[in-house]
Amino acid sequence: MQQQYPFKEIEKNSQEYWEKSRLFIAEDKSDKPKYYCLSMFPYPSGKLHMGHVRNYTIGDVLSRFHRMRGYNVMQPMGWDAFGLPAENAAIANKTAPAAWTFDNIATMKTQLKQLGLAVDWEREFATCTPEYYKWEQWLFTELYKKDLIYKKTATVNWDPVDGTVLANEQVIDGKGWRSGAEIEKRDIPQYFMRITAYADELLDDLDKLDGWPEQVKTMQRNWIGKSDGCEVEFPVVGENSNLKVYTTRPDTLMGATYVAVAAEHALATKAAENNPTLQAFIKECKLGSVAEADVATAEKKGMDTGLFVTHPLNGEKLPVWVANYVLISYGDGAVMAVPAHDERDFEFAEKYELPIKAVIKNTDDDTLPMTEHGVLFNSAQFDGLDFEAAAEAISSALSAKNQGKKRTQYRLRDWGVSRQRYWGCPIPIIHCDKCGEVTVPTDQLPVVLPTDVTMDGVGSPIKKDPSFYETTCPTCGNAATRETDTLDTFFESSWYFARHTSHDNDNAMLDERANYWLPVDQYIGGIEHAILHLLYARFFNKLMRDVGLLKNDEPFKNLLTQGMVLKDGAKMSKSKGNTVDPQTLIDRYGADTARLFMMFAAPPEQSLEWADSGIQGAHRFLKRLWSFSYDNREYAYIENQGAQQQGVSLIDAPTSISNAWREINLTLEQANHDYARQQINTIVSASMKMLNTLEKIPMSGDDWKSSSYLTYYAECLQQSMSILLRILAPITPHISHELWKVLGYGEEILNSSWPEADKAAMVQNTIDYVIQVNGKLRGNLTVSSDTTKDAIEKMVVVEPCVTKFLVDGASVRKIIVVPKKLINVVIG
RNA sequence: GCCGGGAUGGCGGAAUUGGUAGACGCACGGGAUUCAAAAUCCCGCGUUGGUGACAACGUGGGGGUUCGAUUCCCCCUCCCGGCACCA
């Protein structure tokens, strides 16, 4: 054993040992309970960043912990390899996206291995390979046949200068990021997945997910946004048609003073036919990005169409306005405006001097807008009704006139999966003049994406490559063209969790192993994925179930949403260019230090503000652990001293040792509690505390000279080090593996058992109480642990720190005793 | 704008969920060791007043409930994440 902590050597040797002994290769059959631990797979963007280190270390800690608790653990790793950054890099570096991606995968894989992750690398795959995407093309064709995929037009960001579709991220302040041109909203035909057909199940099944953070479930519920409301039809004056709107507040119908439609609404288009001013306004509304955040924060603007509708219940003529705050994608793209009881309508009505009519009241305060529920007035026959009764009565009245009815509405929209980009999975559709849209037959899959391409920044190479798009129709054999759009990259990440179970199957997307391993027992990833990725993966799980590939309803049993790694207050990300390279950390201090620091700096679910200081502290602890083991190797070595064989009980040891042993057990209990609730930062604290405790055991004085002291000391060290190393093993696996071996505890620490606290060692015969007077800390009281509550009350009232408040006629009103904690004397 | 979070010493965080606020670590100050430095070890460290025992204040701001509030309730400010084509 070396005196200095040789982290480089230890880490290299342990990693080689684990690889050689195939310790992390998961068995598809086992008597042990299974534990499938999955961290969200990385996008191969270049090098590992701190967010990766944090994510994969958390997953590794939980994997190793469960392995030591006796589970059959599977922790795989893969690559979310399609995406926009590869195209940008290709344009910038004149390399093909595939080559860039595979280079990055190689680099990042080396780095991940240096972290010492307990990963089963045999299950690795990259989503950009035909072996992987073949199966999602197959699933696409199955879903297409089941009418779960359909085509419709949808709005995209159009860059008129580059002549290309831009991602929301590529639109900055309404301008294209490369061209600087003003972006226009443009409608193009795209494929959609009918996620709304699963809206109710996606909503209801959230209740089954006990292992998910409440916060994430709330976000998903709100995203799905099921609302019970009412559709109302307003006859258009002078036309033989109705304007349909949806409202969640039918109780306010009598307060409607105008209606507003989105710029894209058919009625707006019609009204603009002979109205150039309105046409110009509609064109203006179509400028800027399609992102909802941009639409919703834009200044509220509108224009009168000159059209009117008739209020279905009171017969009033209401003007029809075009407003930029009405979303074409929600409800019917039109709203009834009730300025008195809606913030946005109120602001709009004030600006354009439209009438405001209050119809709901709940307090004497009549400030408008009043958006809460209340009782109706100014509403003819509905006066005096509350929200529930009014909603019922008004929807019935509308139904009776055939001008509306109750309707359940979702905020969730069908998922547009077409992308006009190159670096993605080709959509397996062939367009035939005679047969129309035809899915590519299974025996002709995969539709392989050509990888030998040049990116020039204008459009997708496969859209200009006849050797790709020219084909024949599988149905009639005539010349036909392939679809050149690719799939949203969320498509790949929606089912990879399942493919890890059947990664090597060339004949099926999934096999029976999926039903052994799934659901994922622990899923770990960034909170930024709380809605989209997690919702799509849940949706895909249900789709795969319904085509017979799976039995489970939900993909992820437990979810840990890791907080962001921030630097200078912003999310650390490639796109922001504020990443810190973990490689320098690993090179200088080793993987164990990097892992320890990341785990210690913040609890897993909280955001972590990166600071360079602190790493030294983590490294210092490991050095101390090493030198303590080295200095005490004779005592800590399991076969020396023979203490256990002599039947020595540490409870009977000299006070300094039995106290230390008690402290170790209390700390172990805390660590186990923290492992159970996955609060890893305080497990690190606990391990530091244990080492502090052991270092403080006296090594001099009269006691030290007696031979029995040394026997007890050795026994205490052996038991304590064995506990400490096992507590640390999931977090700092290399040093734990090495010390476990050199101190003679066994060949592989991962194969040992998990330590439990010795209850007998934690018993105390006195209790230290805190004395409070009127809730303020005033003193202490030590009593023997069998003292009754009555006796404690009698003792406390004669304590000087209490009696000094018994002046000027004040007396003890009440005594509150919190067992084993505190006594509060209420004096008044 | 809408939805979901967060705010505790100079800094990261802890407080087993209504019961001693500041565990553990970083930074800093003092000391030991050293020719010197690094490394290491020991001591101190919320703020204010006091030599001191001690006292007052203190968990983003304002109110409330309670014997007792970082924790529960109401209002507000700022920061972070998401908003459907970044992943």
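It should be emphasised that the depicted structure is a prediction, and the values quoted were computed from it without experimental measurement. Numbers restart at 1 for each chain; the letters A, B, ... are given by sequence-line order, proteins then strands.
- A:Asn692 has a side-chain polar atom (N or O) that falls below the 4.0 Å cut-off from OP1 or OP2 of B:G25.
- Nucleic acid contact for A:Val165: base, since at least one base atom lies under 4.0 Å from a heavy atom of the residue.
- Applying the Watson-Crick and G-U wobble criteria (two distances, each under 3.5 Å), B:G9 pairs with nothing in any strand.
- One finds no side-chain N or O of A:Arg413 lying less than 4.0 angstrom from the OP1 or OP2 phosphate oxygen of B:A84.
- Within 4.0 Å of A:Asn681, counting heavy atoms only, lie sugar-phosphate atoms of the nucleic acid but no base atom.
- Across all strands shown, B:U66 forms no Watson-Crick or G-U wobble pair with both distances under 3.5 Å.
- Under the Watson-Crick or G-U wobble criterion, with both distances below 3.5 Å, B:A37 has no partner in any strand shown.
- Nearest heavy atoms, A:Gly176 versus A:Asp159: CA-OD2, 3.9 Å.
- When Watson-Crick and G-U wobble pairs are counted only if both distances are under 3.5 Å, B:A55 pairs with B:U48.
- Considering only side-chain N and O atoms, A:Lys820 lies nowhere under 4.0 angstrom from the phosphate OP1 or OP2 of B:U20.
- The residues A:Glu214 and A:Arg221 are annotated as salt-bridged, a charged nitrogen and a carboxylate oxygen being separated by less than 4.0 angstrom.
- Between the side chain of A:Gln190 and the base of B:C85, at least one donor-acceptor pair of N or O atoms lies under 3.5 Å.
- Across all strands shown, A:Thr489 has heavy atoms under 4.0 Å from sugar-phosphate atoms exclusively, and none from any base.
- Contacts of A:Ser613 with the nucleic acid, taken as non-hydrogen atoms under 4.0 Å apart, involve only primed sugar atoms and P, OP1 or OP2.
- If you take CZ of A:Arg411 and C1' of B:A84, they are 8 Å apart, rounded to a whole angstrom.
- Side-chain to base pairing of A:Gln420 with B:C85: one donor and one acceptor N or O lie within less than 3.5 Å of each other.
- A:Ala618 comes within 4.0 angstrom of nothing in the nucleic acid, heavy atoms only.
- Remark: C1' of B:G12 and CD of A:Gln606 are 10 Å apart, rounded to the nearest angstrom.
- In this model, no donor atom of one side chain and acceptor atom of the other lie less than 3.5 Å apart for A:Tyr523 and A:Ser39.
- In terms of position along RNA chain B, the nucleotide closest to A:Lys300 lies nearer the 5' end than the nucleotide closest to the other residue of the pair A:Lys300 and A:Gly775.
- Across all strands shown, A:Val826 has heavy atoms under 4.0 Å from sugar-phosphate atoms exclusively, and none from any base.
- With a 6.0 Å cutoff to the six-membered ring centre and a 45° limit on the axis angle, A:Lys623 does not count as a cation-pi contact of A:Tyr5.
- If you check every strand for non-hydrogen atoms under 4.0 Å, A:Ala530 touches nothing.
- Here A:Arg778 lies in heavy-atom contact (under 4.0 Å) with sugar-phosphate atoms only.
- Judged by atom type and distance alone, A:Asn222 does not reach the base of B:C3 through any side-chain donor-acceptor pair under 3.5 Å.
- Between A:Lys696 and B:C42 there is no side-chain N or O to OP1 or OP2 distance below 4.0 Å.
- For the OP1/OP2 pair of B:C26 and a distance below 4.0 Å, the side-chain nitrogens and oxygens of A:Arg620 include at least one atom meeting the criterion.
- In this structure, B:U17 shows a glycosidic angle within 90 degrees of zero, which is the syn conformation.
- If you check B:G1 for Watson-Crick or wobble pairing at under 3.5 angstrom, you find it paired to B:C83.
- The residues A:Arg249 and A:Asp342 are annotated as not salt-bridged, no charged nitrogen and carboxylate oxygen being separated by less than 4.0 angstrom.
- Side-chain atoms of A:Met598 and A:Trp610, non-hydrogen and from C-beta on, do get closer than 4.5 Å to each other.
- Counting any heavy atom pair closer than 4.0 Å across all strands shown, A:Pro42 reaches no nucleic acid atom.
- Summarising the base pairing, B:G29 is matched to B:C43 through a Watson-Crick or G-U wobble pair whose two defining distances lie under 3.5 Å.
- B:G9 shows a glycosidic angle within 90° of 0 and is accordingly assigned syn.
- With B:G82, B:C85, B:G1 as the choices, the nucleotide that has an atom nearest any side-chain atom of A:Glu292 turns out to be B:G1.
- Residue contacts shown for A:Phe621 are absent, as no nucleic acid heavy atom lies under 4.0 Å away.
- A:Glu492 places its CD atom 10 Å from the P atom of B:A87, with the value rounded to the nearest Å.
- Side chains of A:Trp415 and A:Asp488: a donor on one and an acceptor on the other come within 3.5 Å.
- Residue A:Leu84 is classed as a sugar-phosphate contact, given heavy-atom separations below 4.0 Å to backbone atoms only.
- Map A:Ser607 and A:Gln772 each onto its nearest nucleotide of RNA chain B; the residue landing nearer the 5' end is A:Ser607.
- Residue-level contact check: A:Phe600 touches the bases, meaning some heavy atom is under 4.0 Å from a base atom.
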